[in-house]
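Working notes, beginning with the structure itself.
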Amino acid sequence: MNWDDSTPDLADDAPVPTDGRLVGASADGEDQAVEAALRPKSLDEFVGQERVREQLDLVLKAALARGATADHVLLSGAPGLGKTTLSMIIASEMKAPIRITSGPAIQHAGDLAAILSSLHEGEVLFLDEIHRMSRPAEEMLYMAMEDFRVDVIVGKGPGATAIPLELPPFTLVGATTRAGLLPPPLRDRFGFTGHMEFYAPIELERVLHRSARLLDVEIDAEGAAEIAGRSRGTPRIANRLLRRVRDYAQVKADGVINVEIAAAALKVYEVDHRGLDRLDRAVLQALLKLFGGGPVGLSTLAVAVGEERETVEEVAEPFLVREGLLARTPRGRIATPAAWSHLGLTPPQHSPGASGQPGLFGA
Ligand SMILES: Nc1ncnc2c1ncn2[C@@H]1O[C@H](COP(=O)(O)OP(=O)(O)OP(=O)(O)O)[C@@H](O)[C@H]1O
């Protein structure tokens, strides 16, 4: 049993699990349909991320002034924070077309060669989940980024020959949720790296007011604050909660979103005031009520909530850890004092939150 305290150790090519929850950060089908309409179209419209925005603004304006193609840009950060949106803004600020692809779609160097050789001068190539590209494609990308050239290998074995292919200058925008998985030679070839942070509630309120305007929904300041506080620092989740609250407001009230409507709607959807949903609370409840706050092994915890180990580890835990409600320790998962108070429970004397003398439950 591995009780280490590191983040989940996915293999390089393992997909980041999608969760399909109302508070999940990955995009579902409905999100994809409405996101295009809600995306900010310029840096000025893009809310928050002040540092990245300011730095990127300089990079783009300088390139425009020189009449050159912008440097390659790497954007890292959790899902739903606006990496795709920023890549589209980069293209539009540079008045360049954009081509969108992703690491998992490029499994062979030939796939990448086909894309690169069809780019136009100045075009932006957005490569989402760049950490999931195959190694041969990655190596081809090094040369393409640095020298705007690739070697296409024709034939196999001793008779194979490399045919050099010149590429027009282009801007690569790579996006990754896991910058640490990128090999240094790839990371070093980006002229600018922007790390996207989770959004403060006040920034999410601005996102919500903007989205409400575009969706033609009336929302007041307290209603927006109520939704923002439950959105886990993520604009995609804020926009999704807004759409569900809008449904409730239309069916149960006069369509206007205020604090009472927002709170009542999100109660129906079981998203609590801190943004935890049913799965998050089930994990905490098991940890507190069945195991006295831990430490408890991940597998035991997963069995107790009737979920797969991976679901608990990769879907529920990251947010609980980020919120300071749960800790991963070498001896197992433990609840923090904040977890006890979040669920309105009193820690027993021996619990880690109470005395620092943890009990121990098996794997
Ligand atoms: N700064 C922002 N201001 C306003 N809306 C935003 C902002 N960032 C993201 N959004 C909205 O959040 C949604 C998700 O953004 P986006 O698709 O760019 O995220 P992402 O980081 O690329 O996610 P993923 O990693 O899953 O591809 C979009 O609808 C977008 O309009």
Side-chain angles (χ1 to χ4, degrees), residues 10 14-57 73-93 98-105 124-133 173-179 181-182 193-215 217 219 224 227-228 231-244 246 314-315 318-319:
L10 299 181
V16 175
T18 52
D19 39 39
R21 298 187 299 162
L22 196 55
V23 289
S26 47
D28 62 22
E30 189 195 341
D31 291 326
Q32 284 162 4
V34 289
E35 274 184 0
L38 296 182
R39 281 186 206 288
K41 304 274 185 291
S42 67
L43 273 182
D44 288 341
E45 263 186 81
F46 193 82
V47 176
Q49 310 292 343
E50 302 299 339
R51 202 147 35 96
V52 172
R53 219 151 42 91
E54 191 182 348
Q55 294 167 347
L56 202 50
D57 190 43
V73 173
L74 179 66
L75 299 173
S76 69
L81 298 187
K83 299 182 294 299
T84 307
T85 305
L86 259 192
S87 75
M88 292 179 172
I89 289 175
I90 290 171
S92 107
E93 300 271 341
I98 182 167
R99 185 89 54 96
I100 296 180
T101 186
S102 71
V124 171
L125 174 63
F126 177 56
L127 225 169
D128 203 3
E129 297 187 74
I130 191 170
H131 59 276
R132 291 180 59 203
M133 219 175 14
V173 180
T176 180
T177 48
R178 321 198 62 191
L181 291 183
L182 287 190
T193 298
H195 180 71
M196 319 272 290
E197 307 282 353
F198 286 100
Y199 290 65
I202 189 134
E203 294 170 333
L204 291 179
E205 287 172 38
R206 284 169 54 206
V207 170
L208 285 162
H209 282 297
R210 180 181 171 277
S211 299
R213 227 176 15 255
L214 292 169
L215 294 171
V217 182
I219 184 168
I227 300 175
S231 300
R232 299 170 168 240
T234 307
R236 172 174 290 138
I237 299 176
N239 284 339
R240 193 185 299 137
L241 295 184
L242 173 67
R243 298 200 301 279
R244 295 292 73 83
R246 171 189 63 176
E314 291 156 26
V315 177
F319 181 65

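For ligands, and for the atoms within them, numbers begin at 1 and follow the listed sequence. By convention here, the first residue in the shown sequence is residue 1.
- By the criterion of a heavy-atom distance under 4.0 Å, neither the backbone nor the side chain of T177 is placed next to ligand 1.
- Near T85, the atoms of ligand 1 lying under 4.0 angstrom from a non-hydrogen atom of the residue are 15 (O), 16 (P), 18 (O), 30 (C).
- At the shortest separation from atom 25 (O) of ligand 1 among protein heavy atoms lies K83 NZ, 2.9 Å.
- Counting only heavy atoms from C-beta outward, the side chains of N239 and R236 never approach each other to under 4.5 Å.
- Contact annotation: for V34 versus ligand 1, there are no heavy atoms closer than 4.0 Å.
- Residue contacts with ligand 1: L81 is placed with a nitrogen or oxygen under 3.5 Å of a nitrogen or oxygen of the ligand (distance criterion only).
- Under the side chain to side chain contact (heavy atoms under 4.5 Å, CB included) rule, V124 has a single partner from I98, I100, I89, which is I98.
- Inter-residue side-chain proximity for P40 and V47 is flagged as unmet; no heavy-atom pair is nearer than 4.5 Å.
- With hydrogens and angles ignored, the 3.5 Å screen pairs no side-chain donor or acceptor of R232 with any backbone N or O of A25.
- Close approach of ligand 1 to D128 (heavy-atom distance below 4.0 Å) involves ligand atoms 27 (O).
- Cation-pi geometry between R53 and F46 is not satisfied (NZ or CZ under 6.0 Å from the ring centre, within 45° of the ring normal).
- Nearest protein heavy-atom neighbour of atom 26 (O) of ligand 1: R236 NH1, 2.8 Å.
- Nearest protein heavy-atom neighbour of atom 22 (O) of ligand 1: T84 OG1, 2.6 Å.
- The closest heavy-atom contact to atom 24 (P) of ligand 1, among the options A27, A37, G80, comes from G80.
- Residues T101 and D128 fail the side-chain proximity criterion, which asks for heavy atoms closer than 4.5 Å.
- Of the candidates P235, A36, G48, S87, it is P235 that places a heavy atom closest to atom 6 (C) of ligand 1.
- At least one side-chain heavy atom of I130 sits less than 4.5 Å from a side-chain heavy atom of L182.
- Of all atoms in ligand 1, listed by their number and element, those nearer than 4.0 Å to a heavy atom of Y199 are 1 (N), 2 (C), 7 (C), 8 (N).
- Using a 4.0 Å cut-off between a side-chain N of Lys or Arg and a carboxylate O of Asp or Glu, R206 and E203 do not qualify as a salt bridge.
- In this structure, P40 is part of the shell of residues with a heavy atom less than 4.0 angstrom from ligand 1.
- Scanning the protein heavy atoms around atom 19 (O) of ligand 1, the nearest turns out to be G82 N, 3.1 Å.
- Counting heavy atoms from C-beta outward, H131 and T177 have side chains that approach closer than 4.5 Å.
- Using a non-hydrogen distance threshold of 4.0 Å, S26 does not register as a contact of ligand 1.
- The L38 neighbourhood of ligand 1 comprises atoms 31 (O), with distances under 4.0 Å to a heavy atom of that residue.
- The two residues Q49 and Y199 have their closest heavy-atom pair at NE2-CE1, 3.1 Å.
- The nearest heavy-atom contact from the protein to atom 1 (N) of ligand 1 is V47 O, 2.7 Å.
- The closest side-chain heavy-atom distance from E35 to T85 is not below 4.5 Å.
- The protein heavy-atom contact nearest to atom 13 (C) of ligand 1 is E35 OE2, 3.6 Å.
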